[in-house]
Amino acid sequence: MTETLIWTVVALIAIGLYLSWTAGRLDRLHSRIDAARAALDAQLLRRASVTQELATSGILDPAASIVLYEAAHAARQAEEDQREVAESELSQALRAVFGEPEQVEVVRETPGGEEAAGELAAAVRRVPMARRFHNDSVRAARALRRHRTVRWFRLAGHAPFPLAFEMDDEPPLALADRPA
């Protein structure tokens, strides 16, 4: 009788430790998602800011400036539920304007253009990396939240189900190949 009671207590302690470890892991994944989302937001804001700065600098022709400025402004002002679409439209506008290496060369040849092109190229390259890191964190949290144990014992608490950030983040070829 005593031996059975001891084994039952040991089993309950082991189960409790496993559940506690799993809940802690899930909490760390949610914290990682929050940090990755903040980094992604910062990179998206940087890309939009650099694009607006370039569009208002007078380096580009007026049509390209208007296209880039409007897309960057829309991306910065978009509500959360429309953010992915607005950021995708900014990516498309960047590809439309900087799709040809000649356009980048025109920018580079103007005073201050080399620095502006370099900043934009760096911002455009960092967005896919930040989005990939965020989506990888979301994927890991979703995989853990799908386990029966997590669902049965409600280890996720009241945390919202993590959502990936899906957007078109393909950089223009002329900017993607520039050295940093």
Side-chain angles (χ1 to χ4, degrees), residues 28-145 159-180:
R28 287 188 303 276
L29 283 171
H30 281 251
S31 295
R32 194 169 96 186
I33 289 171
D34 291 342
R37 181 57 189 242
L40 175 62
D41 287 341
Q43 291 305 322
L44 292 171
L45 180 62
R46 182 172 184 260
R47 180 180 76 157
S49 297
V50 170
T51 302
Q52 275 186 323
E53 195 175 300
L54 183 63
T56 58
S57 68
I59 293 174
L60 299 171
D61 63 273
S65 294
I66 290 171
V67 167
L68 286 180
Y69 183 82
E70 287 180 355
H73 181 71
R76 290 182 74 174
Q77 300 299 320
E79 296 294 324
E80 192 59 36
D81 59 337
Q82 294 296 315
R83 183 108 187 259
E84 294 171 350
V85 173
E87 293 293 347
S88 294
E89 288 173 354
L90 177 56
S91 295
Q92 293 166 0
L94 285 166
R95 280 196 309 272
V97 172
F98 295 107
E100 299 296 323
E102 293 81 27
Q103 182 66 29
V104 176
E105 290 305 317
V106 168
V107 170
R108 288 178 64 197
E109 291 170 358
T110 61
E114 181 68 38
E115 183 180 317
E119 278 186 59
L120 184 60
V124 164
R125 278 195 308 269
R126 287 184 180 135
V127 167
M129 289 186 288
R131 187 178 74 87
R132 198 171 311 126
F133 185 71
H134 173 267
N135 288 350
D136 287 346
S137 299
V138 166
R139 199 172 3 266
R142 282 180 167 183
L144 185 58
R145 286 182 71 151
F161 196 74
L163 299 174
F165 194 85
E166 298 300 332
M167 64 172 268
D168 173 11
D169 61 2
E170 183 180 334
L173 292 177
L175 288 175
D177 296 335
R178 288 187 47 79

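Keep in mind the model is a prediction, meaning the values are calculated, not measured.
Across A130 and Q43, no two heavy atoms sit closer than the pair CB-CG, 3.9 Å. E87 approaches F165 most closely through the heavy-atom pair CG-CZ, 4.3 Å. What you find for A78 and A86 is that their closest heavy atoms are CB-CB, 3.7 Å. What you find for G113 and I59 is that their closest heavy atoms are CA-CD1, 4.0 Å. Between A164 and E84 the shortest heavy-atom distance is O-OE2, 3.4 Å. The shortest non-hydrogen separation linking V97 to Q103 is O-CG, 3.2 Å.
Residues R131 and L44 have side chains not in contact (no heavy-atom distance under 4.5 Å, counting atoms from C-beta outward). Put simply, the side chain of F98 reaches to within 4.5 Å of the side chain of V107, judged on heavy atoms. Considering only heavy atoms from C-beta on, L163 stays 4.5 Å or farther from V138 through its side chain. Using a 4.5 Å heavy-atom cutoff, the side chains of L120 and L94 are in contact. In this structure, E89 and E70 have side chains that are not in contact, with every pair of non-hydrogen atoms separated by 4.5 Å or more. With contacts defined as side-chain heavy-atom distances shorter than 4.5 Å, the pair V127/R46 does not qualify. At least one side-chain heavy atom of S49 sits under 4.5 Å from a side-chain heavy atom of R76. No side-chain heavy atom of R139 sits under 4.5 Å from any side-chain heavy atom of R142.
Considering CD of E100 and CD of E105, their distance stands at 12.0 Å, rounded to 0.5 Å. Atom CG of L144 is separated from atom CZ of R28 by 10.0 Å, given to the nearest 0.5 angstrom. Atom OH of Y69 and atom CG of L54 lie 13.5 Å apart (nearest 0.5 Å). The distance from the CD1 atom of I33 to the CG atom of N135 is 10.0 Å, given to the nearest 0.5 Å. Going from atom CZ of R32 over to atom CZ of F133 covers 5.5 Å, rounded to the nearest 0.5 Å.
Counting only N and O atoms by type, the side chains of R37 and S137 include no donor and acceptor under 3.5 Å apart.
Judged purely by atom type and a 3.5 angstrom limit, R95 uses its side chain to pair as donor or acceptor with the backbone of E170. With hydrogens and angles disregarded, a donor-acceptor distance shorter than 3.5 Å links the side chain of S91 to the backbone of D168.
The pair D41-R83 counts as a salt bridge, with a side-chain nitrogen and a carboxylate oxygen less than 4.0 angstrom apart.
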